[in-house]
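Along the sequence shown, residues are numbered consecutively beginning with 1. Since we're looking at a predicted model, the values are computed, not measured.
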Amino acid sequence: MSAHDHDGRRSGGRHDAAPPPGVPAPRRDRGAADRAPGADRGAAHADHTEHAEHGDHSGDMGHTGHGGGHGDHAAMFRTRFWWSLLLSLPVVFTSHMVSGWLGYHVADPLTWVPPVLGTVVYLYGGRPFLSGVAGELRARRPGMMTLVAMAITVAFGSSLLATLGVVGTALDFWWELVLLVVVMLLGHWLEMRALGQASGALEALAALLPDRAERVGADGAVEEVAIADLHTGDTVLVRSGGRVPADGTVVRGSAAVDESMITGESRTVTRGEDDRVVAGTVATDSAVRVRVDAVGEDTALAGIRRLVAEAQSSTSRSQVLADRAAGLLFWFALGAAIITAAVWSVLGEATEAVERTVTVLVIACPHALGLAIPLVIAISTALSARNGILVKDRLALERTRLVDTVLFDKTGTLTRGAPAVIDHAAVPGGDAARVLALAGAVEADSEHPLAEAVVRAAGEAGEVPTATGFRSLTGRGVRAEVDGRAVYVGGPALLESLELAEPRELEAHTRPWRERGATVLHVIEGDEVAGALALADEVRPESREAVRRLGEQGIAVAMVTGDARNVADAVAADLGVDEVFAQVLPDQKDAVVRDLQERGRTVAMVGDGVNDAPALARADVGIAIGAGTDVAIESAGVVLASDDPRGVVAVRRLSRASYRKMVQNLVWAAGYNVLAVPLAAGVLAPVGIVPAPAVGAVLMSLSTVIVALNAQLLRGVDLSPAD
């Protein structure tokens, strides 16, 4: 900064350095010691889910670990489903029961088809379920895979014994067995495909980076290099239409940059010299040169990928509830199967006892219950990531629906965190536009933040004349010559040094500016005061809409700031904020959160600075604004990739929609099993209602498909910032 110093200027009350625009990324992976609560437990749950629920699959497609993904699982289940379906058709149509229903005769030479192809389907199509039993038993958590394996094994054993003549033909369940395997494979395929599509957000983020970059050498020569060969301090050329290869700062040129893939905002933003740009974004209209300051895992894009991965591996209370429900349902089903077998055996119906027991095991399989919560969470995580909402902690997303108070940090969150010209005026008979243009001309050579705001405002308002002979007047302001006349810009100290007084007519404008805490700069042309400018931390236009929409939903909006009371009250009045906490020291913001909580409020804290981190951690939900610091991001459960405060409204909308889908799926899945098991056990046998095992398989599959389709409806939730 130059020696130029406007007397009377103020910092805006910010207690930490204003971060550059752009999307931040955590600069390191957190270790076990400082990992978010529940993350390790969630990772353990994910490990159990992959190995126990979906089987070891060794020999099928190779061990994929955590990253192999749902895509490989989906491909495996798809292949087994189609082959099993193909082999099952001859089994069904050569079944004496089916032929009797349809009125055709099965030739004796074809009686070998059901046992031979049925055995192939059991061993090939049923392998994922059979191998999954070992994982569940090793984890001492018998559940869905164990139930499926029990059902198909009982059907296979009884059918084989019937074929060998050991038991009666009434226990021949070959066609029921193959249909059971086929519908189970179909359900798993649909589940894995849906989860694979949801987790594909990570691969989509990775694909945003170009493979090559154009590095500019010290001699100005441009060479094409691999992304991996870039280092901090390098300068790269980003051509029109090209993607930024690494995080950095624009050192030459200006371009309209498409950041929608990072922030979810469709409008381009202008990035010029000294502005931050993020890897993966696109320069749409012109070329810029960027000095690289982050590569590889230090980039914002890599940070977003880590946040998404962390969210997908974390667990939640709803997930724990579903896990417990599945465990209880296993014991419920096992007990029901034992009672069913005992009762029907006592009644002297051995064949019926086996058939009823198999049907109970088929219908009681809690597959839909296991799918109910994970699929909703996976879809909501991917949906939020595509809209610039990064969910680090699923519990935070779930709690957002319960929030009744949103506490915003002012500077950098509701406001831009940088000075801007909010008003200007001329003395009677003068031209206010000329006052602004003169100020812009004189300040053009200054590096002061207030000067930058004046120059920017003047340029946006119209043509700015050229000034010469720039001089900085330490502690008072600046001076230059415009059209041969001396022009000064500065505060009260400048007027005093020039022995000038503010005209009474101009004071009518400047007094309200001062009352709201704005910095007042006077423009002096020759030896007369021509007018004045008011500069203050500019309120984001989106903030008004965010506060309004939260209020319409019955959410109280509060604001916390270190600014003076008059400044805070002026901003609060402009935005319609319900409660203001002003002159709060940096280490006291968490006390404000605690005070609100002690009043019985459920608080979401929204902030961006280092001093916001304790409050973000204490709040029921911590939401870090996208232009914030790494410390703030580490302390928050939800991160808004953009600096648009309307994202808070979108987070709450997603929270409510996700919870609604979770409850709907849990009610359907658990309720279906609780009602279907007694029916399968034969409680309505006296009135002639005794569902066959195949019917149970079809009904179970329909339950799974219904849950999956209901979860897919979550994709229709509108998270765009606009109304």
Does the [X] side chain pair with the main chain of [Y], one donor and one acceptor, at a distance under 3.5 Å?
X	Y	value
Arg399	Asp620	yes
Arg715	Leu383	no
Ser655	Val651	no
Thr400	Arg652	no
Trp344	Ala681	yes
Arg653	Asp718	yes
Ser84	Val182	no
Ser95	Val91	no

Find out whether [X] and [Y] are in side-chain contact, i.e. whether some heavy atom of one side chain is under 4.5 Å from a heavy atom of the other.
X	Y	answer
Thr94	Trp112	no
Val707	Asn710	no
Ile339	Val343	yes
Ser380	Val391	no
Val638	Leu390	no
Ile152	Leu177	yes
Tyr124	Arg80	yes
Val178	Leu89	no

Audit row: Leu640, Ile389, side-chain contact (heavy atoms from CB on, under 4.5 Å) steps and yes/no = CA-CA 5 Å; Leu640 302 181; Ile389 302 169; 4.2 Å; yes
Spatial distance of atom [atom1] ([X]) from atom [atom2] ([Y]) [nearest 0.5 Å]:
X	Y	atom1	atom2	result
Leu160	Thr119	CG	OG1	6.5 Å
Leu86	Phe81	CG	CZ	11.0 Å
Leu714	Met662	CG	CE	8.5 Å
Leu185	Phe129	CG	CZ	4.5 Å
Leu719	Leu654	CG	CG	5.5 Å

task = Start with the C-alpha gap between Leu130 and Thr153, add the side-chain angles, then the distance that decides, and say whether side-chain contact (heavy atoms from CB on, under 4.5 Å) holds.
result = CA-CA 9 Å; Leu130 298 173; Thr153 300; 3.7 Å; yes
ask   = Between Asp404, Val649, Val403, which is the residue that forms a side-chain contact (heavy atoms from CB on, under 4.5 Å) with Gln553?
value =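 When Asp404, Val649, Val403 are each tested with Gln553, the side-chain contact (heavy atoms from CB on, under 4.5 Å) holds only for Val649.
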More than 12 heavy atoms from other groups under 6.0 Å of CZ on Arg656 =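 Not buried by this count: 12 neighbours or fewer within 6.0 Å.
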query = Parallel, tilted or perpendicular: which describes the rings of Tyr122 and Phe156, with under 30° parallel and over 60° perpendicular?
reply =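 Taking Phe156 first and then Tyr122, their aromatic rings lie parallel (interplane angle under 30°).
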query = Which atom pair, heavy atoms only, marks the closest approach of Pro90 to Leu87?
reply =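 Here Pro90 and Leu87 meet closest at CD-O, 3.3 Å.
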task = Can you see which heavy atom on Ala711 is nearest to which on Asn665, and at what distance?
result =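 Ala711 and Asn665 have their closest heavy atoms at CB-ND2, 4.0 Å.
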